[in-house]
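Chain identifiers are assigned alphabetically (A, B, ...) following the order of the sequence lines, protein sequences preceding nucleic acid strands; residue numbering begins at 1 within each chain. Note that these values count all heavy atoms, side chains included, but never hydrogens, waters or copies made by symmetry.
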There are 2 protein chains.
Amino acid sequence: MGRRSDHTPDELRELLIACGHELMAERGFAKFSAREAARRAGYSVGTIYNVFGGLDAYLIAVNSRTFREWSAWLEAALAATPDAAGSDARIAALVRAYFAFADANRNAWMAIYDHRIDRGNTVIARQDELAREALTGIVDREVVRWSGGGNGESTRRLVRSLIATVHGHCALWLSGSYALLREEDPAGQALARVFESLAAHRAQAGSR
Amino acid sequence: MGRRSDHTPDELRELLIACGHELMAERGFAKFSAREAARRAGYSVGTIYNVFGGLDAYLIAVNSRTFREWSAWLEAALAATPDAAGSDARIAALVRAYFAFADANRNAWMAIYDHRIDRGNTVIARQDELAREALTGIVDREVVRWSGGGNGESTRRLVRSLIATVHGHCALWLSGSYALLREEDPAGQALARVFESLAAHRAQAGSR
DNA sequence: TTATAAATTCGACATCGTTCAATTTATTCC
DNA sequence: GGAATAAATTGAACGATGTCGAATTTATAA
């Protein structure tokens, strides 16, 4: 067949991403199949290559959707946290929501890190970059809010490091890795580490 | 052919693991091929299934070899750290060696976490379990040494959490994830977080 | 209506994991 | 030593994958 009037180019793109995301959530990265994703959309494999240019770009688009849902999940959790609960509560809500999303979307969440992008050969579309940066942005904002203003390069670095800390707990937990095998509250542990580091940096900043 | 006198069963096992490990280091998990690994050993695919029972068990054996090399690497780094350097230096050496091994064996290191084991359907051989526990054991020992004795369930939990912290930094760094994209010293950041948490727990224990 | 351009398909290809009947080798027994 | 037995090894078969492009079909323009 040729150009069909079923969907506009944008609609087709959306449709393929939606079906791919659904399939990813069902099967996980290892058992994901572009053929099957296209089949579900009512198209054949080649269409994915036409629309996205290659499998990598398609997977990036699928994972970017997960990133966006994740950000929305975090914002919703923060919005549901009353200001009166104090500033610690916002950090706690953020970390717990981070874990809750990963837990509720295990396959899709892990796929984000299962798909290795060779940044040398692959260009990431700007909109996909933005979806990833948004998450970092949320944490940035909340840490600045917690520490009461002081933003700068050192807090920027700290924020990335705290994200890595939480990520490590979440990843080892969901992958069933030995280290966290019998830990019943990985989110709580991650949160404890985050507060210890935040406290250390507040004290440090105050004593200068 | 039938039973060949080229290798004893143990030798064959070793050979297959060695070739698999080499191939994993070269290609990484995504491009690993059991066929190719067997080919390099001078056997055909079926032999892997005979010896290990299935691909999962083979991959576990291959990754266990990486675990053992990793443990040896850490022990070597610790052995090279003079006692006179102080107890902080041992922790620093441990974390830096953790990163150095991962960096020097990227594909093999990542494969450890790329291979998802369904613990419901897969039984892990005792020797492979031990290879994984050994690493945790090293960190356990060093943290107890640092804190000057006090061992118990709470330190056990802390140790696992610190491992998760370091793992998170290392994983995001090597996978080229956005969060740590421009961080020039991820190991230093991980180390800083570890010391912050260790300090917090020493203070806590001392004030009781 | 016809010609042009764009989208879509589908088959071809090499490869993968998995299984198992057939084959080859080593050992045992006479 | 030679035949019978047991064990290890192979390789073909199967369904599935990603990747590519020529052929086909559709929509639009002339």
Side-chain angles (χ1 to χ4, degrees), chain A residues 1-17 19-20 22-24 26-63 107 111 114-118 121-123, chain B residues 1-20 23-24 26-63 107 111 114-118 121-123:
Chain A
M1 308 176 191
R3 176 170 31 194
R4 306 195 310 202
S5 47
D6 298 16
H7 308 99
T8 68
D10 282 353
E11 280 175 349
L12 178 53
R13 218 188 147 80
E14 263 309 298
L15 176 66
L16 288 172
I17 292 176
C19 291
E22 184 188 85
L23 183 63
M24 188 66 87
E26 280 181 28
R27 293 193 180 173
F29 184 80
K31 295 180 182 170
F32 182 86
S33 154
R35 269 193 164 88
E36 173 65 17
R39 200 173 300 143
R40 291 190 180 195
Y43 285 79
S44 73
V45 216
T47 300
I48 287 182
Y49 283 80
N50 291 340
V51 174
F52 297 92
L55 186 60
D56 267 348
Y58 180 49
L59 289 173
I60 289 173
V62 167
N63 283 340
N107 283 336
D114 288 338
H115 181 222
R116 300 278 153 67
I117 306 167
D118 179 9
N121 296 340
T122 313
V123 263
Chain B
M1 307 176 191
R3 174 171 32 194
R4 306 194 307 201
S5 45
D6 299 14
H7 308 99
T8 69
D10 282 354
E11 282 174 349
L12 178 54
R13 222 189 140 80
E14 264 310 297
L15 176 66
L16 288 171
I17 292 176
C19 292
L23 183 62
M24 188 66 87
E26 280 181 31
R27 294 194 181 174
F29 185 80
K31 295 181 183 169
F32 182 85
S33 154
R35 269 193 167 92
E36 173 65 15
R39 200 174 300 143
R40 292 188 180 199
Y43 286 79
S44 74
V45 215
T47 300
I48 287 182
Y49 284 80
N50 291 340
V51 175
F52 297 93
L55 186 60
D56 268 348
Y58 180 48
L59 290 173
I60 290 173
V62 167
N63 283 340
N107 282 335
D114 288 337
H115 181 223
R116 298 279 152 67
I117 306 167
D118 179 9
N121 295 341
T122 312
V123 263

Given D/dT10, is OP1 or OP2 found less than 4.0 Å from the side-chain N or O atoms of B/T47?
-> yes
Given side chains that start at C-beta, do those of A/L59 and A/M24 come closer than 4.5 Å, heavy atoms only?
-> yes
When rounded to whole Å, the OH to C1' distance for the pair A/Y43 and C/dC10 reads 16 Å
What integer distance in Å separates B/L16:CG from D/dT10:C1'?
-> 14 Å
Sorted by chain and number, sequence neighbours left out, salt bridge (charged side-chain N to carboxylate O under 4.0 Å, His left out) with A/D114 holds for B/R116
By nearest nucleotide on DNA chain C, pick out whichever of B/G46 and A/S44 is the more 5' one.
-> A/S44
Counting any heavy atom closer than 4.0 Å, what does B/G42 reach on the DNA or RNA strands: base, sugar-phosphate only, or nothing?
-> sugar-phosphate
Those residues that, when tested against B/Y49, pass side chain to side chain contact (heavy atoms under 4.5 Å, CB included) (two or more places apart) | B/V45, B/L55
Take atom CZ of A/F52 and atom P of C/dT8, then tell me their distance rounded to the nearest Å.
-> 12 Å
Check side chain to side chain contact (heavy atoms under 4.5 Å, CB included) between B/R13 and all other residues, then give those that pass, not counting sequence neighbours.
-> B/V51, B/F52, B/Q127
Without placing hydrogens or testing angles, list every side-chain donor-acceptor pair under 3.5 Å for residues 31-38 of chain A, not counting sequence neighbours.
residue, atom, partner, partner atom, Å
A/S33, OG, A/R35, N, 3.3
A/S33, OG, A/E36, N, 3.1
A/E36, OE1, A/R39, NH1, 2.6
A/E36, OE2, A/R40, NE, 3.0

Only pairs at least two apart or in different chains count here, so list each salt bridge (charged side-chain N to carboxylate O under 4.0 Å, His left out) that has a residue in residues 44-54 of chain B.
-> none
Residues that A/N107 engages under side chain to side chain contact (heavy atoms under 4.5 Å, CB included), provided they are two or more places apart | none
How many Å lie between CD1 on A/I48 and P on D/dG21, as a whole number?
-> 18 Å
Using Watson-Crick or G-U wobble pairs with both distances under 3.5 Å, give me DNA chain D in dot-bracket, 5' to 3', with [ ] for crossers and | for pairs to another strand.
-> ||||||||||||||||||||||||||||||
Sequence-distant partners of B/A41, side chain to side chain contact (heavy atoms under 4.5 Å, CB included), two or more places apart | B/L15, B/L16, B/C19, B/Y43
How long is the line joining CG of A/N50 and P of D/dA22, in whole Å?
-> 14 Å
Separation of C/dT19 atom C1' from B/Y58 atom OH, nearest Å, is 19 Å
What nucleic acid atoms does A/L12 come within less than 4.0 Å of, heavy atoms only: base, sugar-phosphate, or nothing?
-> sugar-phosphate
Output one line per pair: protein atom, nucleotide atom from nucleotides 16-18 of chain D, and distance, for all N/O pairs under 3.5 Å.
residue, atom, partner, partner atom, Å
D/dT17, OP1, A/S33, OG, 3.0
D/dG18, OP1, A/A34, N, 3.1
D/dG18, OP2, A/A34, N, 3.4
D/dG18, N7, A/R35, NH1, 2.4
D/dG18, O6, A/R35, NH2, 3.2

Considering heavy-atom distances to DNA chain D, does A/G53 or B/P9 have its closest nucleotide positioned more toward the 5' end?
-> B/P9
Taking all non-hydrogen atoms of both residues into account, name the closest pair between B/F29 and B/H115 and its distance.
-> CE1-CB, 3.6 Å
